[in-house]
Protein chains: 2
Amino acid sequence: MRSDCPISYGLDFFGDKWTLLIIRDLAFEGKSFYNDFLHSKEGIATNILSDRLKKLELNGIIGSRVYEKLRTKKEYFLTDKGKALIPVLLEMIIWSTTQQDGLAVPADFLEGAKNDREELTKRVLASLD
Amino acid sequence: MRSDCPISYGLDFFGDKWTLLIIRDLAFEGKSFYNDFLHSKEGIATNILSDRLKKLELNGIIGSRVYEKLRTKKEYFLTDKGKALIPVLLEMIIWSTTQQDGLAVPADFLEGAKNDREELTKRVLASLD
DNA sequence: CTGTATCCTTAGGGATACTG
DNA sequence: CAGTATCCCTAAGGATACAG
């Protein structure tokens, strides 16, 4: 921890180019498995993915369990601490799509509620159950 | 640009440990000058600060002008594109202070409106004029 | 498939000196 | 004071091979 500033505190967790993409996959893309994250379009490397999953779990932002339908696989999921990041991601999406044309909105449920942040968060959370 | 994902797009700008701290200084701390940023408590190095200021200006997130009262100094300010990042920063602050005790809230006007995001953004913007 | 490990290259960044 | 430049080291990350 570099300082007691909340921005700095957040950056200590996800101030890099990859961590939030994993959270995005979990929150918006319905992804739960190592292989899903690995094949996201940005092309994360295996060592980075491995490292970030470990750090995220260590920091209590994600959790993991054995996937019952296929017990060689592990299933990752957002903890409450991780779910609490959804509003941050939503604001990033809003900022980017406002600043730059041609970006893909991650999921359809974002349409039609662009200015209602609370409603957006609620919908994303509901989609996780 | 790694992909057309808005999250990834945002991370291309500020997916590092320092960029958003400069934005924070501009948005919440009333700082405008090189030396102010340099002496923020996280201790940014001169080469990094120089590099980030350049990139931020190149990307249209901040602007700069000669400081009229002392014409050897340059004054930095948030552009509209930069001001549009304030909701992102606010959500980061909310997330961090919710997850971790003992963090310092950057400015007093955040108190008393913790759950009214729109009001918070308005207050921060008003403080910039 | 789910990772780890290794090799190697580049980028990030600290320390410090230096210039206008 | 506002930066640039340099030196040097560490961290990040891509490619690939390998293990359970």
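Lettering follows sequence order; numbering is per chain, from 1.
Distance OH (A/Tyr76) to P (C/dT2): 9 Å, rounded to an integer number of Å. Rounded to an integer number of Å, the gap from NZ of B/Lys74 to P of D/dC1 is 17 Å. In this structure, the CG atom of B/Asn35 is 15 Å from the C1' atom of D/dT4, given to the nearest Å. Between the P atom of C/dG12 and the CG atom of B/Leu49 lies a distance of 15 Å, rounded to the nearest Å. If you measure from atom CG of A/Leu38 to atom P of C/dT4, you get 13 Å, rounded to the nearest angstrom. Distance, B/Leu11 CG to C/dG12 P: 14 Å, rounded to whole Å. Rounded to an integer number of Å, the gap from A/Asp36 CG to C/dG3 C1' is 14 Å. Distance CG (B/Asp51) to C1' (C/dG12): 9 Å, rounded to an integer number of Å.
The side chain of B/Lys73 contributes no N or O atom lying less than 4.0 Å from OP1 or OP2 of D/dC1. Contact check, B/Tyr34 against D/dT4: no side-chain N or O comes under 4.0 Å of OP1 or OP2.
Take B/Glu119 and apply the salt bridge (Lys or Arg N to Asp or Glu O under 4.0 Å) test, not counting sequence neighbours, and it matches B/Lys122, B/Arg123.
The aromatic rings of A/Trp95 and B/Tyr9 lie tilted to each other, with the angle between the two planes from 30° to 60°.
Taking both residues in full, the closest heavy atoms of A/Lys81 and A/Gly60 are given as CB-O, 3.5 Å, listed atom of the first, atom of the second, then distance. The two residues A/Leu38 and A/Ala45 make their nearest non-hydrogen contact at CD1-C, 4.4 Å.
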For this session: Indicate for each nucleotide in nucleotides 6-20 of chain D, in 5' to 3' sequence, whether protein heavy atoms under 4.0 Å reach the base (B), only the sugar-phosphate (S), or nothing (-).
Result: B------BBBB----
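With C/dG3, C/dT2, D/dG3 as the choices, the nucleotide that has an atom nearest any side-chain atom of A/Phe33 turns out to be C/dT2.
The main-chain N or O of A/Ser50 is never found under 3.5 Å from a side-chain atom of A/Lys55 such that the two would form a donor-acceptor pair.
With no hydrogens or angles considered, a side-chain donor-acceptor pair links B/Glu57 and B/Ser64 at under 3.5 Å.
When hydrophobic side chains of Ile, Leu, Val, Met, Phe, Trp and Tyr are connected at separations under 4.5 Å, B/Val66 ends up as a singleton with no cluster partners.
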